[in-house]
Amino acid sequence: MSIATAVINLDIEGPKISRHLYGHFAEHLGRCIYGGFWVGEDSPVPNEGGIRLDIVQALRALNIPNLRWPGGCFADEYHWKDGIGPREQRPRMVNTHWGNVEENNHFGTHEFMALCELLGAEPYISGNVGSGTVQEMSEWVEYLTRDGDSPMVRLRKANGREEPWRVKYWGIGNETWGCGGNMRAEYAADLSRQYATYCRDHGDNKLYRIASGASNDDYKWTETLMQQISCFGCEATPKNFFQGLSVHYYTMAGPWEAKGSATDFDTDDYYRTLSAARRLDRILTGHSTVMDVYDPGRTVGLVLDEWGTWWDVEPGTNPGFLYQQNTLRDALVAGIHFDIFHKHAARLHMANIAQTVNVLQAMILTDGDSLVLTPSYHVFEMNKGHQDATSLPVHLRTENARRQVADTELDTLSASASVKDGTVFISLTNLDADEPAEVTLDLRGGILGEPTARLLTADKLQDHNSADTPEAVSPRPFDALTATDGGLALILPPHSFLTIEARLA
């Protein structure tokens, strides 16, 4: 058993944890949109205007803050005018990135905005830079957000929407280094400035423009983008071309060609996965450090708008649909990601799990009229108390809470804490596959009232939820907390995620 003390300063406030760090991503990929969010108005599955209502209800329980759409790689072959107007008149298209399937464009701009309204989530639209034009994206912004009279306003009204929507978040392309055009950093950076110039603020709708940023640890790409808006060591406010830049990082146990199974893995695979997930901390530190040189005031946000586990597809499914199961291992990856996000809250403005329904590390899996909440969903739900809370510094002192993984050491305990409206929220993750952890919470600068806690774990790392066993991995109350002179003590089971909530006395 490992022994650890977590020192939490209740009276020393850190940066605010933006609710947008708990964001989501829905791409036209596999059964995320069609067969996921969108079932059509004639479906026997309960829906509103074709949008599946049990998914809406499940996501509202997460306090879903935003939803990114339509991609991903798909965004750079999507032409938005094909997805407006009467559905039966919309042209079909071929989704060349994902499965080479034909789509009827029945889910387009109006349907997406209706979905966001049902969810109570802010829309985050990724524009087409790879195969589109500056005019096309500029007109999309106008169509959605402008009031008064203009060609795009008249078109929107003709399609049934009188008032403009509020759409703050706009992505200027996606993965321009890869599927979004295979561009050089310098060329992509110039395009970011050009597109951002013509993505206008209409009325009081102020855009947050997000330039297509780096993959993994490509710090040079980040530097090239930052050089477009500031200079080395400048103290002046960066030019206002774009307000954020993205980075993508996926967690895998093996190489790209053999990512491994979502459910058939051993303990070595498990530890390799968690070690890869932990690497995100170093990657975000690297990008933030580069940005600090050009933007010491941290006015430009870092946006991790694709993250999550990526496994080989489930046997017998379309390899272009990226459908995978979701086990306790995936949930623990999510748990330590959130601790990392909270640590970087001063620079990290948004993060988007890939993806929300039926794709990669999904929150929800559907099959016909059945709906399954995954273990990852439960981590999002258990952790929602951190949204828009103020981070509290946590210092972990551990004895033997680590595992050797190849040539690196994996710390097997992770923690973060926050306070909001007088309520303290603490998250703890024990990554050790076999050993419990004896944890003392040394709470300084305040006194907590009676705590409540919830635990997520399972008998096996490979356990997952299905239509037959929908609650195999689900949260349960945890009452094994012992009050101490300075805080709380507990035994954290192996491979488990725990949240504790208490009012400041």
Side-chain angles (χ1 to χ4, degrees), residues 20 23 25 66-84 108-110 112-113 116 122-156 161 163-177 180-181 183 185-213 222 224-230 237-247 295 299-303 305 349-350 352:
H20 291 295
F25 174 29
N66 66 70
L67 185 63
R68 179 178 181 237
W69 172 86
C73 294
F74 179 83
D76 283 288
E77 66 177 358
Y78 180 70
H79 300 283
W80 69 270
K81 288 183 181 178
D82 292 341
I84 59 174
T109 296
H110 287 251
F112 173 66
M113 295 306 298
C116 289
E122 287 198 52
Y124 170 16
I125 291 180
S126 185
N128 184 344
V129 172
S131 69
T133 65
V134 175
Q135 179 179 351
E136 181 180 15
M137 188 169 176
S138 175
E139 289 181 341
W140 202 3
V141 175
E142 179 186 332
Y143 182 90
L144 278 159
T145 67
R146 187 172 179 83
D147 203 356
D149 183 43
S150 75
M152 292 302 104
V153 171
R154 290 194 293 274
L155 181 59
R156 183 189 71 232
R161 174 76 183 197
E163 300 299 319
W165 289 281
R166 298 194 68 84
V167 185
K168 176 179 180 180
Y169 294 107
W170 288 83
I172 303 173
N174 168 80
E175 294 188 0
T176 47
W177 42 264
M183 303 173 192
E186 294 79 7
Y187 180 69
D190 285 341
L191 282 182
S192 295
R193 287 174 54 138
Q194 180 186 14
Y195 273 73
T197 299
Y198 291 95
C199 290
R200 309 288 194 186
D201 293 338
H202 294 285
D204 62 353
N205 187 83
K206 305 301 181 185
L207 303 189
Y208 190 97
R209 305 165 185 84
I210 301 167
S212 173
T222 293
T224 303
L225 281 173
M226 293 303 296
Q227 287 170 341
Q228 300 299 307
I229 58 176
S230 190
T237 301
K239 296 181 180 67
N240 199 32
F241 295 135
F242 46 83
Q243 293 70 50
L245 55 90
S246 68
V247 61
D295 175 32
T299 60
V300 179
L302 187 59
V303 176
D305 55 15
H349 179 74
M350 181 189 289
N352 304 79

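Numbers here are sequence positions counted from 1.
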Shortest non-hydrogen contact between G173 and V129, atoms and distance: N-CG2, 3.4 Å
When rounded to the nearest 0.5 angstrom, what distance separates OG in S212 from CG in L225? 7.5 Å
When rounded to the nearest 0.5 angstrom, what distance separates CD1 in I210 from CG in D305? 6.5 Å
Can you tell me how far CZ of F241 sits from CZ of R209, rounded to the nearest 0.5 angstrom? 10.5 Å
Flag the pair Y124 / H20 as yes when their ring centroid distance falls below 6.0 Å, and as no otherwise. no
Please give me the minimum heavy-atom distance between S192 and I172, naming the atom from each residue. O-CD1, 3.9 Å
The residue among F74, F25, Y78 that forms ring-ring contact (aromatic ring centres under 6.0 Å, His included) with W69 is Y78
Considering non-hydrogen atoms only, spot the tightest contact between M113 and P123 and give its length. CE-CG, 3.7 Å
Which distance, rounded to the nearest 0.5 Å, do you find between the OG1 of T224 and the CD of E186? 5.0 Å
Establish, yes or no, whether a centroid distance under 6.0 Å links the rings of H202 and Y143. no
If you measure from OG1 on T109 to CH2 on W165, what distance do you get to the nearest 0.5 Å? 7.5 Å
Applying salt bridge (Lys or Arg N to Asp or Glu O under 4.0 Å) to R166 and not counting sequence neighbours gives D204
Return the minimal non-hydrogen interatomic distance between L245 and F242, and the atom names on each side. CD2-CE1, 4.4 Å
Just wondering, do E175 and D76 contact through their side chains at under 4.5 Å, heavy atoms? no
Where is the tightest heavy-atom contact between T145 and V141, given as atom of each residue plus distance? OG1-O, 2.7 Å
Side chain to side chain contact (heavy atoms under 4.5 Å, CB included) assessment of F112 paired with I125: CA-CA 10 Å; F112 173 66; I125 291 180; 3.9 Å; yes
Just wondering, do V300 and I229 contact through their side chains at under 4.5 Å, heavy atoms? yes
Is Q228 close to D190 at the side-chain level, that is, under 4.5 Å between some pair of heavy atoms? yes
List the steps, then state whether side chain to side chain contact (heavy atoms under 4.5 Å, CB included) holds for M350 with Y208. CA-CA 11 Å; M350 181 189 289; Y208 190 97; over 6 Å; no
Is the shortest side-chain heavy-atom distance between T222 and V247 below 4.5 Å? no
Side-chain heavy atoms of L144 within contact of W80, under 4.5 Å: no
Non-hydrogen atoms of G132 and Y195 that approach each other most closely: O-OH, 3.4 Å
Rounded to the nearest 0.5 Å, how far apart are OG of S246 and CG of N174? 7.0 Å
Output all residues satisfying salt bridge (Lys or Arg N to Asp or Glu O under 4.0 Å) with R156, sequence neighbours left out; order by chain, then residue number. none
Sequence neighbours excluded - salt bridge (charged side-chain N to carboxylate O under 4.0 Å, His left out) pairs with any residue from residues 139-149: K81-E139, D149-R154
